[in-house]
Amino acid sequence: MTKTNNIIKDIIIVGVGVLAIWIGLQVVFGTQNPFYVVSSGSMIPVLQVYDVLIVNGNVPFEDIKVGDIIVFNRPNGHDRVIVHRVDAILDDRPESKTIRTKGDANPISIPGTDYPITKQEYIGKVFYWVPQIAYVTRILA
């Protein structure tokens, strides 16, 4: 085998390995993307900008309670992903559960951003976070 063939073989093996790990993480965490980067200061002091979040989409929306930190699509347009703490359960009926969130650093909940959050907007519950790890990408960019 030539050196070029060995390099191509190694690249394919690494590519297949990365793909297998990514698919495995999606299955384990029950979400298309189990990793999110904090991009604003709305959750300071708990979460900082550039913290990497690990999100568990296997936690049913029905089990979310006040105090949980969740990831969700902004209800007004679904144009942004938001990470905030559940501030109140507005409707606790299983078929129509609706919650309100609020960033820890924000004085109030923002209509259209923090509520109404339904199962349709919910992505997952924050399972763990790694402080400042995404800052490396800022340095390298």
Side-chain angles (χ1 to χ4, degrees), residues 1 3-141:
M1 235 183 196
K3 186 175 181 179
T4 303
N5 286 345
N6 283 336
I7 291 172
I8 291 171
K9 181 180 137 192
D10 291 345
I11 290 171
I12 291 171
I13 289 170
V14 168
V16 169
V18 167
L19 182 63
I21 290 169
W22 182 253
I23 291 170
L25 288 171
Q26 289 177 334
V27 169
V28 168
F29 289 106
T31 182
Q32 189 173 8
N33 180 9
F35 302 104
Y36 289 86
V37 176
V38 176
S39 62
S40 80
S42 68
M43 285 298 293
I44 290 175
V46 175
L47 300 175
Q48 305 291 324
V49 175
Y50 302 120
D51 286 356
V52 172
L53 309 175
I54 302 172
V55 176
N56 188 346
N58 289 324
V59 176
F61 184 68
E62 294 76 28
D63 293 350
I64 296 299
K65 59 190 180 309
V66 171
D68 289 344
I69 299 174
I70 64 168
V71 177
F72 57 94
N73 288 305
R74 183 173 176 251
N76 189 6
H78 288 214
D79 57 344
R80 286 184 20 206
V81 173
I82 310 287
V83 178
H84 279 171
R85 187 180 306 276
V86 175
D87 186 54
I89 306 295
L90 303 176
D91 183 344
D92 204 16
R93 294 175 293 173
E95 69 281 355
S96 61
K97 184 169 185 171
T98 307
I99 62 175
R100 182 180 69 218
T101 66
K102 184 177 92 55
D104 289 355
N106 296 347
I108 60 170
S109 294
I110 303 165
T113 295
D114 286 314
Y115 65 93
I117 309 299
T118 64
K119 187 175 188 173
Q120 182 181 356
E121 287 80 31
Y122 176 71
I123 294 171
K125 180 179 173 180
V126 173
F127 170 71
Y128 188 77
W129 62 90
V130 182
Q132 302 292 292
I133 191 97
Y135 191 72
V136 172
T137 60
R138 174 90 173 163
I139 292 169
L140 298 175

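In this text, all values refer to a predicted model and were calculated from it rather than measured experimentally.
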| message | For a side chain to side chain contact (heavy atoms under 4.5 Å, CB included) check, start with the C-alpha distance between D92 and K97, then their side-chain angles and the critical distance, and finish with the verdict. | response | CA-CA 5 Å; D92 204 16; K97 184 169 185 171; 3.8 Å; yes

| request: Check whether any side-chain heavy atom of W129 sits under 4.5 Å from a side-chain heavy atom of V38, and report yes or no. | output: no

Expected list for residues 103-110: side-chain donor-acceptor pairs under 3.5 angstrom, two or more places apart:
| from | atom 1 | to | atom 2 | distance (Å) |
| --- | --- | --- | --- | --- |
| D104 | OD1 | R85 | NE | 2.9 |
| D104 | OD2 | R85 | NE | 3.4 |
| D104 | OD2 | R85 | NH2 | 2.8 |
| S109 | OG | T101 | O | 2.6 |

| message | Give me the atom names and distance for the closest heavy-atom approach of P116 to P75. | response | O-CB, 3.4 Å

| message | Rounded at 0.5 Å granularity, tell me how far CD in Q132 sits from CG in D51. | response | 5.5 Å

| said: Applying side chain to side chain contact (heavy atoms under 4.5 Å, CB included) to F127 and N58, what does each step give before you reach the verdict? | reply: CA-CA 10 Å; F127 170 71; N58 289 324; over 6 Å; no

| task | With rounding to the nearest 0.5 Å, note down the distance linking CG in D87 to CG in D68. | result | 12.5 Å

| request: For side chain to side chain contact (heavy atoms under 4.5 Å, CB included), just list the numbers for F35 and I54, CA-CA rounded to whole Å, side-chain angles, deciding distance to a tenth of an Å, and then say yes or no. | output: CA-CA 5 Å; F35 302 104; I54 302 172; 3.9 Å; yes

| Which pair of non-hydrogen atoms, one from V81 and one from Y36, has the smallest distance, and what is that distance? | CG1-CE2, 3.8 Å

| message | Could you go through K102 and D114, starting from their C-alpha distance and side-chain angles, then the distance that decides it, and tell me whether this counts as salt bridge (charged side-chain N to carboxylate O under 4.0 Å, His left out)? | response | CA-CA 6 Å; K102 184 177 92 55; D114 286 314; over 6 Å; no

| Atom of D91, atom of R93 and distance for their closest heavy-atom approach | OD2-NH2, 2.6 Å

| said: Please report the interatomic distance CD(E95) to CD(E62), rounded to the nearest 0.5 Å. | reply: 10.0 Å

| Heavy-atom closest contact (F72 atom, T113 atom, distance) | CE1-O, 3.2 Å

| request: Not counting sequence neighbours, which residues clear side-chain contact (heavy atoms from CB on, under 4.5 Å) with R80? List them please. | output: R74, I82

| query | Distance from K119 atom NZ to I64 atom CD1, nearest 0.5 Å? | reply | 11.5 Å

| query | Distance from T118 atom OG1 to I99 atom CD1, nearest 0.5 Å? | reply | 9.0 Å

| said: I want to check something: taking the side chain as every heavy atom from C-beta on, are H84 and S42 in contact at a cut-off of under 4.5 Å? | reply: yes

| query | Quick one: NZ on K125 to NZ on K65, what's the gap to the nearest 0.5 Å? | reply | 4.0 Å

